[in-house]
Amino acid sequence: MNVLITGAGGFLGSHIALQLLDAGHKVRGFSRSTYPSLEAWGVDWVQGDLRKQGDVSKACEGMDAVIHTAAVPGIWGSWKMYYGINTLGTANIIQAVQQHDIPYLVYTSSPSVVFDGKDQSGISEEVPYPKTWLCHYPHSKALAEQEVLAANADGRLATCALRPHLIWGEDDPHLIPRLIDRGHTGKLRIIGDGENLIDMVHVKNAAHAHLCALSALQVTPEARGRAYWISQQTPVNCWEWINEILGYAGIEPLTKRIGFRTAYRIGAILESMYKLLGIKSEPRMTRFLALQLSADHYFDNTLAQNVLGYYPILSTADAMTNLKTALNTSPPI
């Protein structure tokens, strides 16, 4: 197949690209920058902006499927930025897919689209979207997810949305380096009682899930028009997992704690200060972050297993061993 990946140069997008190439597909990347290393692997490239319909339409020409991973992440910034890229950009993708009669669209969503501030303990994908939002990222992604699922149409376009939680890996440019940097500076604290369980997913498994979804859309009608949790499928204690990672980097385990209510109040104060002073950088704590770090986030993986046929191809134990080796053989992050 000819498959377009938006955000193909990103952490997840690049792994999807390489797995598609290994499976014998032809891959085109779409982003504002080019990535010579991926082009050397055989990825065709179209430069452009998700917010420009002409750019998106050009990228979709001649494609058999689209995997839409591109998004602006984070928990701080303007609604205009998040809505423009995450929501309107996705609407442009849907329009271009329909314009070019592309039959398959896989959308990379997030579990945060249904996070309402409470524990999510073994929940199904049927949990409703919240009515209020503490930051723009999940709100903009939820609107986009709903548009993608609504665009599913029998005989014309098959869509689905994947919700991977906490993507990480030994080549991770985001989560792992940030944890280690904060661990070295002594600025990390356990939020809440330290007992919250979370699902997470190694990037190779997250990428594999997208290939599973693309295959399922072609042969399994019940796979279409639905959202799916994507994880290692076995939850871990959030803070024990973080301490294990810090230990690989030679950092003492976290023992200092901040109660949830205290962290939430600090987050509210910092948000107000940053908005008042017009500070662009992300606050060290926000209300959303306090909730995320103290609540359960693990899911019922039945749909992904039974409908998409997705199971991790890399176990958590092996993934952690790979991370330990990478951290012990690489220069300090």
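- Within the 3.5 Å criterion, the main-chain N or O of D296 finds no donor-acceptor partner in the side chain of S121.
- For the pair H165 (side chain) and D199 (backbone), a donor-acceptor distance under 3.5 Å is present.
- Every residue meeting the ring pair (Phe, Tyr, Trp, His ring centres under 6.0 Å) condition with H139, not counting sequence neighbours, appears here in chain and number order: W79, W133.
- Within the structure, the salt bridge (charged side-chain N to carboxylate O under 4.0 Å, His left out) test picks out no pair touching residues 67-88 (sequence neighbours left out).
- I279 CD1 to E271 CD: the interatomic distance, rounded to the nearest 0.5 Å, is 12.5 Å.
- For T302, the side-chain contact (heavy atoms from CB on, under 4.5 Å) partners two or more places apart in sequence, or in a different chain, are D300, N306.
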>> Before you tell me yes or no, could you show the steps for D193 and F260 under side chain to side chain contact (heavy atoms under 4.5 Å, CB included), namely the whole-Å CA-CA distance, both residues' side-chain angles and the distance that decides it to 0.1 Å?
In response: CA-CA 8 Å; D193 62 11; F260 160 70; over 6 Å; no

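- A distance-only check finds a donor-acceptor pair linking the side chain of N328 to the backbone of K324 [under 3.5 Å].
- Under a 3.5 Å cut-off, the side chain of H25 and the backbone N or O of M1 do form a donor-acceptor pair.
- Among residues at least two apart or in separate chains, salt bridge (charged side-chain N to carboxylate O under 4.0 Å, His left out) pairs with a member in residues 127-151 are E145-R163.
- The heavy-atom pair separating T87 from A144 by the smallest distance is CA-CB, 4.2 Å.
- Between the side chains of H15 and D171, a donor-acceptor pair is found at a separation under 3.5 Å.
- When side chains are defined from C-beta on, L175 counts as touching L179, because their heavy atoms get closer than 4.5 Å.
- For Q95, the side-chain contact (heavy atoms from CB on, under 4.5 Å) partners are Q53, not counting sequence neighbours.
- For W45, the ring pair (Phe, Tyr, Trp, His ring centres under 6.0 Å) criterion is met by Y35, not counting sequence neighbours.
- Nearest heavy atoms, A17 versus V43: CB-CG2, 4.3 Å.
- Without hydrogens or angle criteria, N152 side chain to C160 main chain gives no donor-acceptor distance under 3.5 Å.
- Side-chain contact between V3 and I16 is absent, with no heavy atoms from C-beta onward closer than 4.5 Å.
- Under the ring pair (Phe, Tyr, Trp, His ring centres under 6.0 Å) criterion, Y248 pairs with no residue, sequence neighbours left out.
- Here the side chains of T159 and V97 are not in contact, with every heavy-atom distance at 4.5 Å or above.
- You'll find the side chain of L188 stays beyond 4.5 Å of the side chain of I251, heavy atoms only.
- Within the 4.5 Å cutoff, no side-chain heavy atoms of N92 are placed close to those of L50.
- A 4.5 Å side-chain heavy-atom check between Y310 and H208 finds at least one atom pair inside the cut-off.
- Remark: side-chain polar atoms of T6 are paired, donor with acceptor, to backbone N or O of T69 under 3.5 angstrom.
- A donor-acceptor pair shorter than 3.5 Å can be found between the side chains of S57 and H100.
- Scanning all heavy atoms of the two residues, the minimum distance from Y137 to G74 falls at CB-O, 3.0 Å.
- For residues 26-46, every residue pair satisfying the salt bridge (charged side-chain N to carboxylate O under 4.0 Å, His left out) rule, not counting sequence neighbours, is listed here: R28-D44.
- The backbone N or O of P130 sits nowhere less than 3.5 Å from a side-chain atom of D116 that would complete a donor-acceptor pair.
- R226 approaches L149 most closely through the heavy-atom pair O-CD2, 3.5 Å.
- Under the ring pair (Phe, Tyr, Trp, His ring centres under 6.0 Å) criterion, W229 pairs with F299, sequence neighbours left out.
- Here the closest non-hydrogen pair linking Q98 and L157 is CG-CD2, 4.3 Å.
- Looking at Q120, its side chain does come within 3.5 Å of a backbone N or O of V114 through a donor-acceptor pair.
- I67 and I94 are members of different hydrophobic clusters when ILVMFWY side chains are connected at heavy-atom separations under 4.5 Å.
- Grouped with L197 in one hydrophobic cluster are Y298, the linkage being side-chain heavy-atom contacts under 4.5 Å among Ile, Leu, Val, Met, Phe, Trp and Tyr residues.
- Using a 4.5 Å heavy-atom cutoff, the side chains of R182 and R178 are in contact.
- At a threshold of 4.5 Å between non-hydrogen side-chain atoms, the residues L134 and I75 do not count as touching.
- For A295, the side-chain contact (heavy atoms from CB on, under 4.5 Å) partners are F115, D119, H297, not counting sequence neighbours.
- L105 and L12 fall into different hydrophobic clusters, where Ile, Leu, Val, Met, Phe, Trp and Tyr residues are linked whenever their side-chain heavy atoms come under 4.5 Å apart, directly or through other members.
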Under 3.5 Å donor-acceptor pairs involving side-chain atoms of residues 215-223, not counting sequence neighbours:
| unit_1 | atom_1 | unit_2 | atom_2 | d |
| --- | --- | --- | --- | --- |
| S215 | OG | L211 | O | 3.2 |
| Q218 | NE2 | L214 | O | 3.0 |

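- With Y82 contributing its side chain and W76 its backbone, the two residues share a donor-acceptor pair below 3.5 Å.
- Residues C60 and L4 come closest through the heavy atom pair SG-CD2, 3.8 Å.
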